[in-house]
Amino acid sequence: MAIPRQLPNAITIARIPLAIVFFVLLLLGGAYGLDDLVIRWVAGVLFVVAISTDWVDGYLARKYDVVSDFGKLWDPIADKLLTGAGFVGLAILGEWPWWIVIIILIREWGITVHRFIVANTHIVAAAWMGKLKTAFQGVALSWWLLPLHQLIGMDWWTGVGIVLMYATLVLTVASGIDYVISQVRGSRTAR
């Protein structure tokens, strides 16, 4: 069965407006116990669906051999918009510390800017550590965004959430360092 060549790219681009809708819903839903938990559930589920499309578009592109430079460039950007909306939203709501969010965003957008700068000469596809980082960010953000404390209790939910938050920070920084090292080695080899 063939798929339209542009389907993976269309799925990637769909994450951009989904990120905006998710962000608005997250802020409307507010912090736990303060505002409407139904809106928070909708925002959390929308995030889970949107971040899951990252796996879907990559799978389709590889399976049907329709991997494109457009997808290699825009897939990580769409991911960063979505996860960035989650990080910033949680910081605005006081659920994640701003200092962690700022470190993560500096790493994420610094690498994105670099990808745009070098896009004229070559496309930098996501490395395995970057993919692992994105998957881990998706899990950590999903944990914090869904009001699961209603089902499992606030203490247990918060404990796991804090571990996920700091592990996400460490993995994000480590994958950023790995990216920089790889780019430096690649530029030395090219010379």
- Query: When hydrophobic residues are tied together by side-chain contacts of less than 4.5 Å, even through go-betweens, does V101 share a cluster with W109?
  - Reply: yes

- Message: Within the structure provided, determine whether L7 and Y64 are in side-chain contact (heavy-atom separation under 4.5 Å).
- Response: no

- Query: Are Q137 and D79 close enough, and set up right, to give a side chain to side chain contact (heavy atoms under 4.5 Å, CB included), and what steps lead you there?
  - Reply: CA-CA 10 Å; Q137 286 179 349; D79 294 341; over 6 Å; no

- Task: Report yes if the side chains of W98 and I92 come closer than 4.5 Å at any heavy-atom pair, otherwise no.
- Result: yes

- Query: Roughly how far apart are L151 CG and W156 CH2, rounded to 0.5 Å?
  - Reply: 11.0 Å

- Item | Cluster overlap W128 with V173, hydrophobic side-chain contacts below 4.5 Å | yes

- Task: Assess whether side chain to side chain contact (heavy atoms under 4.5 Å, CB included) is satisfied between V24 and V21, documenting all intermediate values.
- Result: CA-CA 5 Å; V24 170; V21 172; 6.0 Å; no

- Item | Beyond-backbone contact of L27 with F23, side-chain heavy atoms, under 4.5 angstrom | yes

- Side chains of L169 and W99: does their closest heavy-atom pair fall under 4.5 Å? yes

- ILVMFWY cluster, V88 and I16 together (side-chain gap under 4.5 Å): yes

- Query: How far apart are the closest heavy atoms of M165 and P97, and which atoms are they?
  - Reply: SD-CD, 3.5 Å

- Query: Measuring from W41:CH2 to L25:CG, what's the distance to the nearest 0.5 Å?
  - Reply: 15.0 Å

- Query: Around atom CZ of F70, are there more than 12 heavy atoms of other residues, nucleotides or ligands at under 6.0 Å?
  - Reply: yes

- Query: Do L132 and I103 belong to the same hydrophobic cluster, where Ile, Leu, Val, Met, Phe, Trp and Tyr are linked whenever their side-chain heavy atoms lie under 4.5 Å apart, directly or via other members?
  - Reply: yes

- Any luck finding a side-chain donor-acceptor pair between E108 and T172 under 3.5 Å? no

- Item | Step-by-step side chain to side chain contact (heavy atoms under 4.5 Å, CB included) determination, L90 to L145 | CA-CA 8 Å; L90 289 173; L145 292 166; 3.9 Å; yes

- Item | Shared hydrophobic cluster for V160 and V163 (ILVMFWY, side-chain gaps under 4.5 Å) | no

- Task: Could you pull out the closest heavy-atom pair between A19 and A85, with the gap in Å?
- Result: O-CB, 4.0 Å

- For residues T168 and V139, determine if any side-chain heavy atom of one lies less than 4.5 Å from a side-chain heavy atom of the other. no

- Message: Under a 3.5 Å threshold, yes or no: a donor from one side chain and an acceptor from the other, between N9 and S68?
- Response: yes

- Side-chain contact, heavy-atom cut-off 4.5 Å: F136 with L164? yes

- Query: To the nearest 0.5 Å, what is the distance between CG (L26) and CD (E95)?
  - Reply: 7.5 Å

- Spacing of L37 atom CG and H149 atom NE2 [to the nearest 0.5 Å]: 5.5 Å

- Contacts of P17 that satisfy side-chain contact (heavy atoms from CB on, under 4.5 Å) - sequence neighbours left out: none

- Between P8 and V66, which heavy-atom pair has the shortest distance, and what is it? CG-CG2, 3.7 Å

- Query: Do L141 and L82 have side chains that get closer than 4.5 Å, going by heavy atoms?
  - Reply: no

- Could you check whether the rings of W143 and W157 sit parallel, tilted or perpendicular, using 30° and 60° as the cut-offs? parallel

- Query: Can you tell if the side chain of M129 reaches within under 4.5 Å of the side chain of K133, non-hydrogen atoms only?
  - Reply: no

- Message: Taking side-chain contact (heavy atoms from CB on, under 4.5 Å) as the definition, give me every residue that meets it alongside T12, ordered by chain and number, with sequence neighbours left out.
- Response: R15, D57, W74, D75, A78

- Task: Classify the angle between the aromatic ring planes of W144 and W96 as parallel (below 30°), tilted (30 to 60°) or perpendicular (above 60°).
- Result: perpendicular

- Message: What verdict does the side chain to side chain contact (heavy atoms under 4.5 Å, CB included) test give for Y166 and I100, after you've listed the backbone C-alpha separation in whole Å, the side-chain angles of each residue and the deciding distance to 0.1 Å?
- Response: CA-CA 8 Å; Y166 284 104; I100 289 178; 3.6 Å; yes

- Message: If the condition is side-chain contact (heavy atoms from CB on, under 4.5 Å), which residues does V48 pass it with, not counting sequence neighbours?
- Response: S52, S142, L146

- Item | Between CG on residue L18 and CD1 on residue I51, distance to nearest 0.5 Å | 11.0 Å

